[in-house]
*Asks:* 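Below you will find the structure I want to go over with you.
When a ligand or atom number is given, it counts from 1 through the structure's own listing order. Quick note: numbers below take in every heavy atom, side chains included, and nothing from hydrogens, waters or symmetry partners. Quick caveat, the model's predicted, so the values are computed rather than measured.
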Amino acid sequence: MEYDYVIVGAGSAGCVLAGRLSADPGVSVVLVEAGGRDDKLEIRMPLGFSKLFKTPYDWNLTTAKQGEMAGRELYWPRGRVIGGSSSLNAQMWVRGCALDYDQWGIPGWSYEDVLPYFRLAERRVGSNHGGVYGTAGPLYVSDLRSPNVTTAAFLKACEEIGLRRLDELNGPSNEGYSPTPVTQDRGRRWSAADAYLRPAMKRPNLTVITEASVDRVVIEDGRATGIEHSGGARIRARREVILAAGAVGSPYLLMRSGVGDGAELHDAGVPVVRDLPEVGKNLQDHLSTGAFVSCTKPVTLTRAESVANLLRYLVFRSGMLTSNVGEAVAFVRTSPEEPAPDIELVYAPVPFVEHGLKPPTGHGMTVGVVLLQPESRGRVGLNGRDVVIDPAYLSAGVDLRRLTAGLKTAKQILATNAMKPYAGGPMPPYTSPESDEEIAQWIRDRAETLYHPVGTCRMGVDEASVVDPSLRVRGVAGLRVADASIMPTLNRGHTHAPAVMIGEKAADLIAQS
Ligand SMILES: Cc1cc2nc3c(=O)[nH]c(=O)nc-3n(C[C@H](O)[C@H](O)[C@H](O)COP(=O)(O)OP(=O)(O)OC[C@H]3O[C@@H](n4cnc5c(N)ncnc54)[C@H](O)[C@@H]3O)c2cc1C
C-alpha cells in the first residue's frame, strides 16, 4: 500500500486532483474517501438533493449553540460520498467577482491568476458573452432545462426595482441579476466525480478506496509519510499527502494528526507534532435568511414529485425534477459604500423551509437572502475525538445589519408588479416582519447555513497562516491542503466553483514541484 500521492477526500477538489494527477502515467495516485458510491437516483436527479440530507450520504453535522441566533444548534449537511458535497449541492455555478480573489492579496491567486483554472474546468453549454467561460473542460455548466414560470417573473421583478441584467453571471463583476448556470449535463447533475473521477477510473495508476475514513496523517521526523484509515490500516505516500477533506474534515484531520493549537491539542489528548494555532480558526460561512409568500397559481415545485414528473425526468430528462431549486440570483449592494455586492438574493419557486426536509404545505415562493462577506469569524475545534463547529454567526454586529437590509430588498421584490400574477400573502411560518427589530429577530430565529464553510486552513504569505501560497502546510514536509478550507475569505458567490479551481491549481503546483 504505497503510492506517490495519497489524496484524502473525493469531493469537489479531491476529484479534480485525482483526475489531473493521474493523467501522468508515471505517478501512482490513491484517493481515499469515507463515503460510498454515488449511484443513487437522488444524486443524479437535480431536485433530489434534499432527500439525501440526514442519510448515510451526509455527514449530518451540527454546530455548537449559536449565542446570537437564539441559542440554536444549526444543521450542516456535507457530502459523504464519491463527489463529496458536489454530489448533493444545489448545482449553482457562481464563481464570485474579481475582487473576491484580488482581496486575498496572495501572489499567484489574483483574479487574473485563477481565471485560467476556472476556464480549464468549464464546459459551457449555452450563452457565453465575452467568452467568459471555458468550453473545453470536463465540467458541464448549463442553463436549466425547464425553469419555472415564476422564475421569469422574479427576473422581471429585479428589472422593475432597477437592478441590471447581467450578460453572464460569471464575468469579473456579478452585480445584477441572472438565471443560475448549473453544473448539469442535459438535465442530470454533473458532479466533480462525473467530470474528473469517472473518466480517470480506468487508469491503472489510479486507485480509489471508498468507505475508508481517514483517522490521521502519519508524520515522522517532520514529514508526512502516509495516512492511517479506519481500523488502523496504513497507506504510505512516497511523495505527498494531500488533504481535500473539506472545510470541516481537513482542519479536523490536521488536529487529529497533532498539527494545530498546542494547548487545544493537549486538552484533547493529542500529542503535539507542530504548534500551528490557526488550524481550524477563521471559519466563515454564508448565512442565509429569506422571505416567502404563497403562490396564487399551482405552478411551483411543491408538487414536483408527481408520477408524471418522474416519468418526464426519466424519459426526457426535463421537467420540474431538473430544477436545482435556486433558479435565479441577484447580487446587490446594500449601500453605495460597499466595494461590491454584499447580499445575494436567491429565487426558489418553492417555500424552501428547514433545508427542504419537510414537504411544503402549499404552493409558495422564496427569495433567499445571503450575507456574502460575513465579518463574523468562527472555528472548527476538537473535543476529544469529536469535532466542534462554531461559526459564531452574527458575532459581528454589521452582519445582522446587512442581512436586515437584504431582507427588505427581498420583500420589495415580492411586492413588485412583475410578481403580482403569482405572489399571494405571507406563508407560515414566515411572519412578514416589518420593523428592523422584527426583521432582526426573524433572522436570529430562522436563518440557516447556505452550506459554504471555508477558511479553516487559511492560505497566506504570513507565517501564522496554515498553508503557504503553494498550499503546503507550514512546518510539515510532504503535506498540502487543497480544498475550500484554504480560502482566506469567502467569495461573493458560491463555493463549489472556487473549490474546483483550487483543485485545478493545486494539481499544477504539485506537478511543477
Ligand atoms: C447541501 C449543499 C448545497 C450546496 N449548494 C451549492 C451550490 O449550489 N453551489 C456551490 O457552488 N456550492 C454549493 N455548496 C457548497 C459546495 O458544494 C462546497 O463548498 C464544495 O463542494 C466543497 O468542496 P471541498 O472539496 O472543499 O469539500 P467536499 O466536496 O465537501 O469534499 C470533502 C470530501 O472529503 C471526505 N472526507 C472528509 N473527511 C474524511 C476522512 N476523515 N476520511 C476520508 N474522507 C473524508 C468527504 O466525505 C467528502 O467526500 C453546497 C453544499 C451543500 C452541502
*Asks:* Considering only heavy atoms, does Val81 approach ligand 1 within less than 4.0 Å through its side chain, its backbone, both, or neither?
*Replies:* backbone
*Asks:* Select one of side chain, backbone, both or neither to describe which atoms of His452 lie under 4.0 Å from any atom of ligand 1, heavy atoms only.
*Replies:* side chain
*Asks:* Could you tell me whether Lys40 sits above the aromatic face of Tyr57, with NZ or CZ closer than 6.0 angstrom to the six-membered ring centre and within 45 degrees of the axis?
*Replies:* no
*Asks:* Would you say the side-chain atoms of Asp508 and Tyr117 include a donor-acceptor pair closer than 3.5 Å?
*Replies:* yes
*Asks:* Do side-chain atoms of Arg20 reach the backbone of Ala23 as a donor and acceptor pair under 3.5 angstrom?
*Replies:* no
*Asks:* Is a side-chain donor-acceptor pair under 3.5 Å present for Asp390 with Gln66?
*Replies:* yes
*Asks:* State, without any angle test, whether Gln373 and Gln103 hold a side-chain donor-acceptor pair at a distance under 3.5 Å.
*Replies:* yes
*Asks:* Can Phe49 be said to touch ligand 1, with heavy atoms closer than 4.0 Å?
*Replies:* no
*Asks:* Which bit of Trp59 is near ligand 1, meaning a heavy atom under 4.0 Å away: side chain, backbone, both or neither?
*Replies:* side chain
*Asks:* Taking the side chain from Arg317 and the backbone from Arg186, do they hold a donor-acceptor pair closer than 3.5 Å?
*Replies:* yes
*Asks:* When you measure from atom 17 (O) of ligand 1 to every protein heavy atom, which one gives the shortest distance, and what is it?
*Replies:* Asn89 ND2, 3.2 Å
*Asks:* Going by atom types alone, do Asn282 and Arg458 pair a side-chain donor with an acceptor below 3.5 Å?
*Replies:* no
*Asks:* So is there a nitrogen or oxygen of Val8 less than 3.5 Å from a nitrogen or oxygen in ligand 1?
*Replies:* no
*Asks:* Report the relative orientation of the aromatic rings in Trp93 and His496; use parallel for angles under 30°, tilted for 30 to 60°, perpendicular for over 60°.
*Replies:* perpendicular
*Asks:* Only heavy atoms of Ala484, strictly under 4.0 Å: list the atoms of ligand 1 that pass.
*Replies:* 26 (O)
*Asks:* Please classify the Ala244 to ligand 1 contact at 4.0 Å (heavy-atom distances, strictly less than): side chain, backbone, both or neither.
*Replies:* backbone
*Asks:* Taking the six-membered ring for Trp, is the centroid-to-centroid distance between Phe118 and Tyr101 below 6.0 Å?
*Replies:* yes
*Asks:* At the 4.0 Å heavy-atom cut-off, does Ala212 count as touching ligand 1?
*Replies:* yes
*Asks:* At less than 4.0 angstrom from any non-hydrogen atom of Phe53, what atoms of ligand 1 do you find?
*Replies:* 1 (C)
*Asks:* Report the nearest protein non-hydrogen atom to atom 42 (N) of ligand 1: residue, atom name, distance rounded to 0.1 Å.
*Replies:* Val214 N, 2.8 Å
*Asks:* Hydrogens and angles aside, do His494 and Tyr451 bring a side-chain donor and acceptor to less than 3.5 Å of each other?
*Replies:* no
*Asks:* Just heavy atoms, cut-off under 4.0 Å: does Ser485 contact ligand 1 by side chain, backbone, both, or neither?
*Replies:* neither
*Asks:* Hey, which atoms in ligand 1 end up nearer than 4.0 Å to a heavy atom of Ala499?
*Replies:* 23 (O)
*Asks:* Is ligand 1 under 4.0 Å from a heavy atom in the side chain of Tyr252, in the backbone, in both, or in neither?
*Replies:* neither
*Asks:* Which ligand 1 atoms are under 4.0 Å away from a heavy-atom of Ala90?
*Replies:* 3 (C), 4 (C), 5 (N), 6 (C), 7 (C), 8 (O)
*Asks:* Give a yes-or-no answer on whether the side chains of Thr225 and Arg238 include a donor-acceptor pair shorter than 3.5 Å.
*Replies:* no
*Asks:* Does Leu197 reach the side chain of Leu31, with side-chain heavy atoms less than 4.5 Å apart?
*Replies:* yes
*Asks:* Suppose we measure from atom 12 (N) of ligand 1 to each protein heavy atom; which comes out shortest, and what is that distance?
*Replies:* His496 N, 3.4 Å
*Asks:* With heavy atoms of Pro77 as the reference, note each atom of ligand 1 found under 4.0 Å away.
*Replies:* 53 (C)
*Asks:* Strictly distance-based, threshold 3.5 Å: is any side-chain N or O of Asp113 a donor or acceptor partner for the main-chain N or O of Ser110?
*Replies:* yes
*Asks:* Considering only the protein, which heavy-atom contact is closest to atom 28 (P) of ligand 1, and what is its distance?
*Replies:* Ser85 N, 3.7 Å
*Asks:* Got the closest protein heavy atom to atom 7 (C) of ligand 1, with its distance?
*Replies:* Met92 N, 3.6 Å
*Asks:* Would you please say whether a donor-acceptor pair under 3.5 Å links the side chains of Arg203 and Ser22?
*Replies:* yes
*Asks:* Please work out whether any backbone atom (N, CA, C, O) or any side-chain heavy atom from C-beta onward of Ala245 is under 4.0 Å from ligand 1, and answer side chain, backbone, both or neither.
*Replies:* both
*Asks:* If the cut-off is 4.0 Å to any non-hydrogen atom of Gly79, which atoms of ligand 1 fall inside it?
*Replies:* 46 (C), 47 (O), 48 (C), 49 (O)
*Asks:* Report the nearest protein non-hydrogen atom to atom 20 (C) of ligand 1: residue, atom name, distance rounded to 0.1 Å.
*Replies:* Ser12 OG, 3.4 Å
*Asks:* Which residue and atom name correspond to the protein heavy atom nearest atom 52 (C) of ligand 1, and how close is it?
*Replies:* Tyr451 CB, 3.3 Å
*Asks:* Looking at atom 43 (C) of ligand 1, what's its closest protein heavy atom, distance included?
*Replies:* Ala34 N, 3.2 Å
*Asks:* When only distance counts, is Glu33 in polar contact with ligand 1, meaning an N/O pair under 3.5 Å?
*Replies:* yes
*Asks:* So if I count the atoms of ligand 1 from 1 in the order they appear, which ones are less than 4.0 Å from some heavy atom of Leu88?
*Replies:* 1 (C), 2 (C)
*Asks:* At a 4.0 Å cut-off, with the gap strictly under it, does some heavy atom of Ser86 reach an atom of ligand 1?
*Replies:* yes
*Asks:* Classify the angle between the aromatic ring planes of Trp104 and Trp109 as parallel (below 30°), tilted (30 to 60°) or perpendicular (above 60°).
*Replies:* tilted
*Asks:* Which atoms from ligand 1 have a heavy atom of Gln91 less than 4.0 Å away?
*Replies:* 7 (C), 8 (O)
*Asks:* Do the side-chain N and O atoms of Tyr347 and Thr150 include a donor-acceptor pair separated by under 3.5 angstrom?
*Replies:* yes
